[in-house]
Amino acid sequence: MLEERGNARGEPGSEDLSVTGEPERGGPFQMAGERLVPFSGMERILIGLDADQCVAVTTTEGPVLVVAGPGSGKTRVLTHRVAYLIGSGRARPWQIVAVTFTNKAAREIRERLGGLLGTESAQLVQAGTFHSLCVRILRRDGYRIGLEPAFTIYDEEDQLALVKQALRDLGLDPQRFSARMLLGRLSRAKNDQHSPSDLQSMAQSYWDEVAARVYERYAQYLQRAQAVDFDDLLLRTVELFTEYPDVLAHYQDRWRYLQVDEYQDTNRLQYQLVRQLASGHRNLCVVGDPDQSIYSWRQADIRNILEFQRDFPDATVIRLGRNYRSTPQIVAAADAVIRVNRQRIERPLWTENPPGPPIRLLACWDEQQEAEMVVSEIDSLVRTGNARYRDIAVLYRINAQSRSVEEALVRRQIPYQVIGGVRFYERKEIKDALALLRVLVNPRDWLSLRRVLSETVFGRGIGEKTLLQLEQWGQRQQCSPADVLLLLVEEREEAPALAAATVRRLRELGGELVRLRAAMVEHPASQLFDLALERSGLAARYRDASDPTERERWENLVQLRSVLERYDTVPAAEGLPLFLEEAALVAAIDEAEMSGDQVTLLTLHAAKGLEFPVVFLIGVEEGLLPHARALESEAELEEERRLFYVGITRAKERLYLSYCSSRNRFGLHERSIPSHFLDDLPPDVVERVGGRGWSASAHVSSSIEDRAPVATGGTVPVMPRLRAGQRVFHPRFGDGFVVAVREKAGDQEVTVQFKRHGIKTLLASLAKLVVEE
DNA sequence: CCGTTCGAATTTTTT
DNA sequence: ATTCGAACGG
């Protein structure tokens, strides 16, 4: 699918190329001659691009930096550049690498390329995230640095478990040393390519000492489990390339043209990787926007883009400043906001799009009313034919903000999807099933084995004590606990000093694992999954549960199985590693469903790179945007402002900003004031909504009488006596009817059959049940 | 060794 | 408010 948004708006056509081309730079003019030569699709590749975009597409040799403002056709340039490389015969598809920020972006590039070149070529282009690229490299060549092809990828939960384990082993109090904070230190150390001993020798405080020692243990654990964390995927690839120049040479030779998207959000390790891969041919094109750098907390280093010209003095620099996405009002607002940042290279931002409606600023009482206003506006936009649900996004700073909006959407029965939050692959039951599969693929993954033992019937009769024995015994034998089990089955090893019954259990368990591993060779992944779920008792536990939330977990497992089926063309032994890789590396946004007609709810971070005709940016309040935890330094504050900028620039036509005067934080009503970022908006593009009469009631403490009528929209909140048979509404579970009521110490315990969420038992005083008359 | 219960902490953003 | 961990009792 070729997006021809530009043409529809009368973007400059091909005649512009001949006017503004710069032949001496190898620009479009020169290429204009060339595109008449053999390849017939070249016109299609260059047509509809403006002069700057054209230069970016056709400057194929040597280092190129594209500084691309929001909506300036960055993805388009990237895609067309790749197509141009292939179309002009400069490169074969597999010689081109396009590194994207998410898997979704990679998919999109491949799809669009398919439209330009045909799907066969498009599939051969190496498009993916740094992390997925590194997995491929390490699976193939990692054995050189002691990494088996079956290695496991640990997510943050696994990482935290390891840090906590390390703390326990070192006899340190996990209460005193926050595992999360330590993990942050380890990540920074890895990004600076510091080893545990580097950290040790640089230590300036007790904390540094602790961090160094934890790091040492942590790294040992990973190695023992044949596992890597997210940083390791990058770090160990850099190590591989450094230690084995022949391996690096192989990839340099294969990947002749490198494209890196969202370059402003790369970290030092990614930068190293880019340098290594590009150091031979130097055909490197990085695309990014320093003003949209919003991931410094994940070690992204804005210097990578700011200092690109220092690293590559001969780089061609191309600036894309014209915005094809948004109305002049939105562009003006964005420009005014970002201008306030001091750490910034000033850059023009403009559009020639026709004006649209003003930006609307909604003043609300609390998040319920905010949600109500947003949702009723959504409703009216759709009813008047000004938008479809899929054109609309609700953006917020933190995931918790989605809740009030979700409740309001459910009330109006408006279809929606939430991106992020509790991600699918992070759910407990999914992680349990994944741990099972991980152990089968990589028996040395003792962390997953531990999870299997504690969460499934495989662990029945085997507790913490036995596991400890097993681990110690394994360590003496230089093998993993799972290996120990396998050895026990083969009776090649004397059992450790344990009760006879326990040894019998261990042998049984070993037998289960051996059988499942054998099945892996013969059966496809989904069948192995069924088998593993049955044998481990996970199936029985969730499928046959009476509790509806447990059964919901079963539904999730069934859904997981359907993902697995995609790998069924090969035996599980081959398919499972690929599936586990996918499971480990999917981004929240990768799961977005763009085909249905539904409103999208997502964080500002997740919204990066996306655009919507209608955007609601909610909770523009001091402490939330900018977030309270980002007020330490000027640099952090500037990043928050960039986040606001990213949010504004997602909107094509209509932008709504909202804030509340009171917000429920921690179950307490807290006063909230509008974000000072709002002061930077040009007054002439903003229309204020609400606030009249509202400000008068604002300094009256926000009592229930003030708020109740607005928030509930017609129905009345009640805590009167409930009776069986009544129809009720719950903000989260929707419609239902009361099955039973039990009097309980001045309160009522109600059992409700919900239409969509099954049977729940709730306390009348706590559940916000509304009786429908 | 396992399950339950009570208390505490959690809320920034995520490959 | 929910979820996770520790402690306790069976």
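Per chain, numbering begins at 1; letters A, B, ... match sequence-line order.
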> Would you say Trp297(A) stacks on dT12(B), if stacking means ring centres under 5.5 Å apart and planes within less than 30 degrees?
Replying inline: no

> Atom CD of Glu367(A) and atom C1' of dA1(C): how far apart are they, to the nearest Å?
Replying inline: 13 Å

> Does OP1 or OP2 of dT14(B) have a side-chain N or O of Arg298(A) closer than 4.0 Å?
Replying inline: no

> Nearest-Å distance, CD (Gln401(A)) to P (dT11(B))?
Replying inline: 15 Å

> Is the ring of His605(A) stacked on the base of dT13(B), with centres less than 5.5 Å apart and planes under 30° off?
Replying inline: no

> Distance under 6.0 Å and angle within 45° of the ring axis: does Arg268(A) meet both against Tyr271(A)?
Replying inline: yes

> Between Asn399(A) and dT13(B), does any side-chain N or O lie under 4.0 Å from OP1 or OP2?
Replying inline: yes

>> Whole angstroms only, please: what is the CG-C1' distance between Leu160(A) and dT3(C)?
In response: 15 Å

> Does Asn664(A) make a side-chain N or O approach to OP1 or OP2 of dA1(C) shorter than 4.0 Å?
Replying inline: no

> Does the salt bridge (Lys or Arg N to Asp or Glu O under 4.0 Å) test come out yes or no for Glu367(A) and Arg403(A), once each step is laid out?
Replying inline: CA-CA 9 Å; Glu367(A) 65 263 54; Arg403(A) 197 169 160 161; over 6 Å; no

> Whole-Å distance between dT13(B) P and Ile618(A) CD1?
Replying inline: 13 Å

> Taking the same atom, P, in dT13(B) and in dC4(C), what whole-Å distance lies between them?
Replying inline: 15 Å

> His131(A) has a side chain; which of dT2(C), dT14(B), dT15(B) sits nearest to it?
Replying inline: dT15(B)

> How many Å lie between CZ on Arg180(A) and P on dT10(B), as a whole number?
Replying inline: 9 Å

>> Measure CG/Asp232(A) against P/dT15(B) and give the value in whole Å, please.
In response: 18 Å

> Does Lys164(A) put a side-chain nitrogen or oxygen below 4.0 Å from OP1 or OP2 of dG5(C)?
Replying inline: yes

>> Taking only side-chain N and O atoms of Ser132(A), does any of them lie within less than 4.0 angstrom of OP1 or OP2 on dT15(B)?
In response: no

> In whole angstroms, how far is the P atom of dT10(B) from the CE atom of Met181(A)?
Replying inline: 10 Å

>> Between Glu640(A) and His627(A), do the side chains contain a donor N or O and an acceptor N or O under 3.5 Å apart?
In response: no

>> Please pick, from dT11(B), dT14(B), dT2(C), the nucleotide with the shortest atom-to-atom distance to any side-chain atom of Arg403(A).
In response: dT2(C)

> According to the interplanar angle, ranging from 0 to 90°, do the rings of Tyr295(A) and Phe101(A) count as parallel (below 30°), tilted (30 to 60°) or perpendicular (above 60°)?
Replying inline: tilted

>> For a quick check of understanding: with a heavy-atom distance under 4.0 Å over all strands, which category does Asp231(A) fall into, base, sugar-phosphate or nothing?
In response: nothing

> How many Å lie between CZ on Arg629(A) and C1' on dA9(B), as a whole number?
Replying inline: 12 Å

>> Under a 3.5 Å threshold, yes or no: a donor from one side chain and an acceptor from the other, between Gln417(A) and Thr600(A)?
In response: yes

